[in-house]
Structure formats: structure tokens, C-alpha cells
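Working notes for the structure below.
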Amino acid sequence: MKRGLFLTFEGIEGCGKTTQLNRAADWLKARGRAVVATREPGGTALGLRLREALLDAHENVEAGAELLLMVADRRQHLIEMIEPALAAGTAVLCDRYTDSSRAYQGAGRGLGEAVVDELHRRFCPRVPDRTYLFDCPVEVALARVAQRGGAGIDRFEREELAFHRRVRAAYRRRARSKPKTFRMLDAAEPPDSVFARLEKDLEALFG
Ligand code: TYD
């Protein structure tokens, strides 16, 4: 059986990637494709417990510990869910993956990308077939987060502007360095325009 395609969705908070992921999943299902839509952190039972601690605004998480917990979540997710789905020929759409740790822990927290890459080589070697980067100015994205309100502001959302700027810059550098797998989409545009571009790429990938 042919392995399923692995698509990841990346960007800073409030970039709209989750909305676009859901639309992409619906688009594929409507064409009769088997799809799994999942996320990190929190794609497994263990991951949900890790997610709770990682996002809790009252939790004190040291930067290195944060990276290791993100990678622990990812390893469990990869082995328990992503690899079996891909092997069964299912397309896997994942909200955040290795590039989130490169951008947030590597650049945002300043741990450097080398240590992040090393952990991924050892524990999460699966590389996405396609990564969509939903890119927009930090101010635009954070205004959306503030407007969303809801369950409150999590541990990452409350970070200072400079943190989010480092994350965005790292994502953009990464996308430029991997033009074959990355597609950078202007996430400041209205959701329908963003999806129209995404859809073109899905057509190319899934024919
Ligand atoms: P989530 O509520 O899923 O945010 P979003 O809707 O923006 O994706 O929270 C995930 C948070 O965890 C997000 O702020 C980014 C952070 N994160 C990392 O710092 N490193 C990682 O490797 C991953 C997967 C997420």
C-alpha cells in the first residue's frame, strides 16, 4: 500500500492555521481520502496531560525542560498515531510539528536550532511531505488572539512581543531554506483567500 502524505501546519499564535487545517481535512474527505487531523502538543492521551502542564500560565517550565517535554509529546504521537496512520495510507494533517520546536524553543527561548534538530534526528525522524507556514505580522496575529479571548491567555500567548518576533523570523528563515517542502502563505489575508492558495497546492499534491 502507498504511504499516506504527511502535511504539517505552522505559524505563530493567531495565524489561523487551525481553521485552514480543518478546511483542508474537509476538502480531502469530500474527495474520498482517508484523513487524520491531529495536533501537538496533545495528540495522544499522554500528550493531553503534557499539554495541560505546558500551556498552564501558572506553571514554571524551564526552557530545556520545555523542549524535552515537547519532544516527548512528539515522540509518543509519532509512534502511537502518525506512523501507523501513514503506513495505512491515510493522509495525516498535523497542527504543529518539529518546526514549532525549532521556532519556539530553538529561536524563541534561545536554545539554538542544533540541539532541537539533534533530538528530532534521534526521536522524531519522520520529515513532513509538505509544511504550510501561515505567515503574518505578530501584531495582526496577537490582535486575533486577544479578540478570541475565550479560555484565557496561555503560557505562550502571554510572552512579550520580542519572543513572538523571534519565532516568526525563525519560521520565515526555515521556509526560505526548504523551498521544496515549505509553502509560505500570507495569513493576513481573509481566510477564504488563504484557503484558495492552499487548495491549489492540495490539488497539486493529491491530484
Ligand atoms: P495551541 O493552543 O495549540 O496554540 P496554537 O493555536 O497557536 O497552535 O498551543 C500550543 C502552544 O505550544 C503554542 O503557543 C506553541 C507552543 N509550542 C511550542 O512552543 N513548541 C512546540 O514544539 C509545539 C508543538 C508547540
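What's counted below: heavy atoms across the whole structure, side chains too, no hydrogens, waters or symmetry copies.
- The minimum heavy-atom distance between Ala170 and Ala103, with the atom names listed, is CB-CA, 4.0 Å.
- In this structure, the side-chain hydrogen bond (donor to acceptor under 3.5 Å, both in side chains) partners of Arg197, at least two apart in sequence or on a different chain, are Glu189.
- Residues Arg158 and Asp154 fail the side-chain proximity criterion, which asks for heavy atoms closer than 4.5 Å.
- Between Leu133 and Ala175, the shortest heavy-atom contact is CD2-CB, 3.9 Å.
- Both Val194 and Leu202 are part of a single hydrophobic cluster, where members link through side-chain heavy atoms under 4.5 Å apart.
- One distance of note links OG1 of Thr131 with CZ of Arg96; it measures 12.5 Å at 0.5 Å rounding.
- Of the possible donor and acceptor atoms, none in the side chain of Asp135 sits under 3.5 Å from a partner among the backbone N and O of Arg168.
- Environment of CZ in Arg3: crowded, with over 12 heavy atoms of neighbouring residues, nucleotides or ligands closer than 6.0 Å.
- Shown here for Ala188 and Cys136, the closest heavy-atom pair between the two residues is N-CB, 3.6 Å.
- Between Asp73 atom CG and Leu78 atom CG the span is 10.5 Å, to the nearest 0.5 Å.
- Under the salt bridge (Lys or Arg N to Asp or Glu O under 4.0 Å) criterion, Glu40 pairs with Arg74, sequence neighbours left out.
- Rounded to the nearest 0.5 angstrom, Leu5 CG and Asp129 CG are separated by 5.0 Å.
- Residues meeting the side-chain contact (heavy atoms from CB on, under 4.5 Å) test with Ala162, sequence neighbours left out: Glu160, Arg166.
- Connection of Leu68 to Phe123 is established within a shared hydrophobic cluster, with ILVMFWY side chains joined at heavy-atom distances below 4.5 Å, either directly or through further cluster members.
- Linking Ile, Leu, Val, Met, Phe, Trp and Tyr residues whenever their side-chain heavy atoms come within less than 4.5 Å places Tyr104 and Leu54 in a single cluster.
- Qualifying side-chain contact (heavy atoms from CB on, under 4.5 Å) partners for Arg130, counting only residues two or more places apart in sequence or in other chains: Leu7, Tyr132, Arg183, Asp201, Leu205.
- Residues Leu55 and Arg155 are not in side-chain contact: their nearest non-hydrogen atoms beyond the backbone lie 4.5 Å or more apart.
- For the pair Leu161 and Val138, the minimum side-chain heavy-atom distance is below 4.5 Å.
- Residues Cys94 and Thr8 are in side-chain contact: their nearest non-hydrogen atoms beyond the backbone lie under 4.5 Å apart.
- Closest approach of Glu157 to His164, counting heavy atoms only: O-NE2, 4.0 Å.
- Val71 and Val61 fall into different hydrophobic clusters, where Ile, Leu, Val, Met, Phe, Trp and Tyr residues are linked whenever their side-chain heavy atoms come under 4.5 Å apart, directly or through other members.
- The shortest side-chain heavy-atom distance between Arg126 and Leu86 falls under the 4.5 Å cut-off.
- With a 4.5 Å cut-off on side-chain heavy atoms, Arg172 and Phe182 do not count as touching.
- Taking Glu52 as the reference, nothing meets the side-chain hydrogen bond (donor to acceptor under 3.5 Å, both in side chains) condition, with sequence neighbours excluded.
- One hydrophobic cluster, built from ILVMFWY side chains closer than 4.5 Å, cannot hold both Ile82 and Leu46; they sit in different ones.
- Considering only residues two or more places apart in sequence or on other chains, Arg165 meets the salt bridge (Lys or Arg N to Asp or Glu O under 4.0 Å) condition with Glu139.
- Identified under the salt bridge (Lys or Arg N to Asp or Glu O under 4.0 Å) test for residues 5-25, with sequence neighbours left out: Lys17-Asp95, Arg23-Asp192.
- Under the salt bridge (Lys or Arg N to Asp or Glu O under 4.0 Å) criterion, Arg121 pairs with Glu118, not counting sequence neighbours.
- Sorted pairs that involve residues 34-69 and meet ring-ring contact (aromatic ring centres under 6.0 Å, His included), not counting sequence neighbours, are lacking altogether.
- Checked by atom type and distance alone, the side chain of Arg148 never pairs as donor or acceptor with a backbone atom of Ala143 at under 3.5 Å.
- Note that CG of Leu111 is 10.0 Å distant from CG of Leu119, once rounded to the nearest 0.5 Å.
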* Asked: Stepwise, does the side chain to side chain contact (heavy atoms under 4.5 Å, CB included) test hold for Phe156 with Val167?
  -> CA-CA 11 Å; Phe156 291 94; Val167 173; over 6 Å; no

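- Considering every non-hydrogen atom in both Ala85 and Val92, the closest pair reads CB-CG2, 3.7 Å.
- For residues 97-111, the set of pairs meeting the salt bridge (Lys or Arg N to Asp or Glu O under 4.0 Å) definition, not counting sequence neighbours, comprises Glu66-Arg109, Asp99-Arg174, Arg102-Glu113, Arg102-Asp117, Arg109-Glu159.
- Closest of all the heavy-atom pairs between Ala37 and Leu21 is CB-CD2, 3.7 Å.
- Applying the salt bridge (Lys or Arg N to Asp or Glu O under 4.0 Å) definition to pairs two or more places apart or across chains, none involves residues 26-38.
- In this structure, OG1 in Thr98 is found 13.0 Å from CE in Met70, a value given to the nearest 0.5 Å.
- Remark: the Ser100 side chain and the Tyr171 side chain contain an N/O donor-acceptor pair separated by less than 3.5 Å.
- Side-chain contact check for Asn22 versus Leu93: every heavy-atom pair is 4.5 Å or farther apart.
- Taking the side-chain contact (heavy atoms from CB on, under 4.5 Å) definition, one finds that Ile79 meets it with Arg75, sequence neighbours left out.
- Note: Cys15 SG to Leu142 CG = 11.0 Å, rounded to the nearest 0.5 Å.
- Note: Phe134 and Phe9 have parallel aromatic rings, judged against thresholds of 30 and 60 degrees for the angle between ring planes.
- Side-chain contact between Thr181 and Pro128 is absent, with no heavy atoms from C-beta onward closer than 4.5 Å.
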